[in-house]
Number of protein chains: 2
Amino acid sequence: MKTNDAVTALAALAQESRLAVFRLLVRNAPDGLTAGVIGEQLALPAPTLSFHLKALALAGLVTTAQEGRYVRYRAEMAGINALIGFLTDDCCGGRPGLCSPKDW
Amino acid sequence: MKTNDAVTALAALAQESRLAVFRLLVRNAPDGLTAGVIGEQLALPAPTLSFHLKALALAGLVTTAQEGRYVRYRAEMAGINALIGFLTDDCCGGRPGLCSPKDW
DNA sequence: GCGTTGTTTCGATATTGTTGGAAATGTGAA
DNA sequence: TTCACATTTCCAACAATATCGAAACAACGC
């Protein structure tokens, strides 16, 4: 993962509505939810939600699947996992034992 | 961790300079670095760096320690750990086996 | 086809974040 | 005390992002 990818992913999550969308999809993994259901659950107007879902998809944090009239969104676990790895890369100069072991 | 705390932490990391600062401090954990060294390594003007370090500190991702004329910054592992936990909370409705086990 | 429903794009506005020079603050050394 | 150095605050210009109504687009049932 490159720095720019990480910034994109972090920026996608660094917004209240998008973070709520992502966490809702994580709770509903791996089935996912349709856009309409997400909007209903989080009380977001359709254009606003669409804007945010697009950002999450571009960041590689959710995937989309057309299902007839509906579009199903799913949390992309590989995306969040790559992000976490990037954040903790080379921790303590490669000697992770220097950090509290039970935390890592 | 509350939603607002998570948004603050994610926003702090969702910026190229701040992300670079944080990762530099992670690599140099647990010793940390002084502001001047960070600015030198990343080629950031002092006011800009100070602005970013403040954001990281407010987000609970770095700690500060006055050392004479210098101020030493350290990555706060507990902060990043809490953030990661928040992101993956209640994964798959509490049945994490539904996600790829090797990823989690 | 035609109306209905689900989703996205467009557009205009409001809000917030980033940047770095100049100046101020704080700390230690001479 | 005076100087030098490290860091922060202040400020103003600039850039990026959030919001949501109206309209457009897409897919299904009749």
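Here is how names work: the chains are called A, B, and so on, in the same order as the sequence lines, proteins then strands, and each is numbered from 1.
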Open item on the list: Once you apply a heavy-atom cut-off of 4.0 Å, does Pro45(B) come out as touching a base, just sugar-phosphate, or nothing?
Closed with: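 The answer is sugar-phosphate, as Pro45(B) gets under 4.0 Å only of primed atoms, P, OP1 or OP2.
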- [ ] Assign Arg18(B) to base, sugar-phosphate, or nothing according to its heavy-atom contacts below 4.0 angstrom with the strands shown.
- [x] sugar-phosphate
Just wondering, do [Y] and [X] contact through their side chains at under 4.5 Å, heavy atoms?
X	Y	result
Leu13(A)	Leu56(A)	yes
Leu24(B)	Gln41(B)	yes
Val21(B)	Tyr73(B)	no

Open item on the list: For Phe22(B), does the six-membered ring have the charged nitrogen or CZ of Arg27(B) within the cation-pi criterion, i.e. under 6.0 angstrom from the centroid and within 45° of the normal?
Closed with: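 Verdict for Phe22(B): no cation-pi partner in Arg27(B).
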Task: Contact under 4.0 Å: Thr48(A) side-chain N or O vs dT19(D) OP1/OP2 - done: no
Open item on the list: Can you see if the side chain of Lys54(B) gets near the phosphate of dT9(D) - specifically, an N or O under 4.0 Å from OP1 or OP2?
Closed with: yes
Any chance you could measure [X], atom [atom1], to [Y], atom [atom2], to the nearest 0.5 Å?
X	Y	atom1	atom2	value
Gln66(B)	Thr64(B)	CD	OG1	7.5 Å
Leu61(A)	Glu76(A)	CG	CD	8.5 Å
Ile38(B)	Ser50(B)	CD1	OG	10.5 Å

Whole angstrom value for the distance that separates [atom2] of [N] from [atom1] of [X]:
X	N	atom1	atom2	result
Asn4(A)	dA16(D)	CG	P	14 Å
Leu56(A)	dA18(D)	CG	C1'	14 Å
Leu53(B)	dT9(D)	CG	P	11 Å
Arg72(B)	dA6(D)	CZ	P	14 Å
Leu49(B)	dT9(D)	CG	P	12 Å
His52(B)	dT9(D)	NE2	P	14 Å
Leu33(B)	dT7(D)	CG	P	11 Å
Gln15(B)	dA15(D)	CD	P	16 Å

Open item on the list: Looking at every heavy atom in both Cys92(A) and Met77(B), which two are closest together, and how far apart are they?
Closed with: SG-CE, 4.5 Å
Task: Contacting residues from residues 35-43 of chain B, given that a heavy atom lies under 4.0 angstrom of DNA chain D - done: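 Ala35(B), Gly36(B) - these, ordered by number, are the residues of the stretch whose heavy atoms sit under 4.0 Å from the strand.
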Open item on the list: For the backbone of Ala12(A) and the side chain of Arg18(A), can you confirm whether one donor and one acceptor N or O come within less than 3.5 Å of each other?
Closed with: yes
Open item on the list: Both Ala11(A) and Glu67(A) contact DNA chain D. Which one's nearest nucleotide lies toward the 5' end?
Closed with: Ala11(A)
Task: For chain A, the stretch of DNA chain C it reaches, first to last nucleotide, under 4.0 Å of its heavy atoms - done: dT4(C) to dT9(C)
